[in-house]
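Right, one structure below, let's go through it.
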Amino acid sequence: MEMQSSHEKNSNARDTLLRIIEDADAEAILLEENMDAFNELMKYELISILDGQIHLTERGKQAKNEGVQTVIERLRSEPQTPHIPRPAFIDRKLYYIVFLLLLLIIVAVTIGLKA
């Protein structure tokens, strides 16, 4: 009988966990033996948690078809670009309000100095 390397075991565990998640078997997902694989699937955004339920992402569906190890290796080889979130509307609105208040204070102080 041939022994599997830990790399192959991890790959098999991740593939198995993707199938379990797709089948929505909560008990099997939460087993302690699946936690390492679960964390790795989350790390590479192969699964997501939405409204308290675990779902396969598009990347996860691709990994289910091609194999998790193949997709993870491809993701590792891609250059990582930092994710810089755009400021939300409320942030821009707050920026303009603060700017206008500051401008108003400067005008009031300037008028006060002339009087």
Side-chain angles (χ1 to χ4, degrees):
M1 188 184 279
E2 206 174 297
M3 292 195 59
Q4 288 183 325
S5 70
S6 64
H7 178 68
E8 290 173 339
K9 287 180 184 177
N10 286 342
S11 182
N12 289 342
R14 292 183 302 237
D15 287 318
T16 301
L17 189 56
L18 276 182
R19 284 192 298 277
I20 290 171
I21 289 170
E22 190 171 54
D23 294 339
D25 186 352
E27 285 183 29
I29 293 169
L30 298 175
L31 288 176
E32 188 173 329
E33 63 195 41
N34 290 332
M35 287 285 77
D36 288 337
F38 181 86
N39 290 333
E40 194 163 15
L41 295 177
M42 286 291 293
K43 175 182 174 182
Y44 290 103
E45 298 177 359
L46 302 180
I47 58 175
S48 65
I49 300 174
L50 182 63
D51 296 328
Q53 295 180 341
I54 303 168
H55 300 276
L56 295 181
T57 62
E58 287 303 314
R59 192 180 281 175
K61 292 174 186 174
Q62 183 181 15
K64 185 175 175 280
N65 293 331
E66 297 177 22
V68 174
Q69 190 60 36
T70 304
V71 172
I72 287 177
E73 286 174 2
R74 185 172 48 242
L75 292 171
R76 286 180 181 160
S77 67
E78 290 178 358
Q80 297 296 319
T81 56
H83 176 67
I84 303 172
R86 293 182 154 203
F89 174 73
I90 191 75
D91 293 337
R92 286 183 270 163
K93 189 175 180 181
L94 182 62
Y95 170 78
Y96 290 121
I97 291 171
V98 170
F99 177 75
L100 289 174
L101 284 175
L102 191 59
L103 186 61
L104 184 62
I105 291 170
I106 291 171
V107 168
V109 169
T110 307
I111 293 173
L113 291 176
K114 290 181 181 180

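Predicted, not measured: the structure shown is a model, and the values here were computed from it.
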Mind checking the [atom1]-[atom2] spacing from [X] to [Y]? Nearest 0.5 Å is all I need.
X      : Y      : atom1 : atom2 : value
Leu18  : Phe38  : CG    : CZ    : 11.0 Å
Asp36  : Leu41  : CG    : CG    : 11.0 Å
Leu101 : Ile105 : CG    : CD1   : 6.0 Å
Glu73  : Gln69  : CD    : CD    : 4.5 Å

Can you check whether [X] reaches [Y] side chain to side chain, under 4.5 Å on heavy atoms?
X     : Y     : value
Arg19 : Asp15 : yes
Leu17 : Ile47 : no
Arg14 : Leu46 : no

Q) Ile21 and Ile49: same hydrophobic cluster, using ILVMFWY side-chain contacts below 4.5 Å? A)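 Linked within one cluster.
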
Q. Is it true that a side-chain atom of Ser48 and a backbone atom of Thr57 form a donor plus acceptor pair closer than 3.5 Å?
A.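 Absent.
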
Q. Passes side chain to side chain contact (heavy atoms under 4.5 Å, CB included), Ile72 versus Glu40? Steps please.
A. CA-CA 9 Å; Ile72 287 177; Glu40 194 163 15; 4.1 Å; yes

Q: Check whether the side chains of Gln62 and Glu58 place a donor and an acceptor atom closer than 3.5 Å, and report yes or no.
A: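 No, no side-chain donor-acceptor contact under 3.5 Å.
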
Q: Can you see which heavy atom on Tyr44 is nearest to which on Arg59, and at what distance?
A: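 Closest heavy-atom pair between Tyr44 and Arg59: O-NH1, 3.0 Å.
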
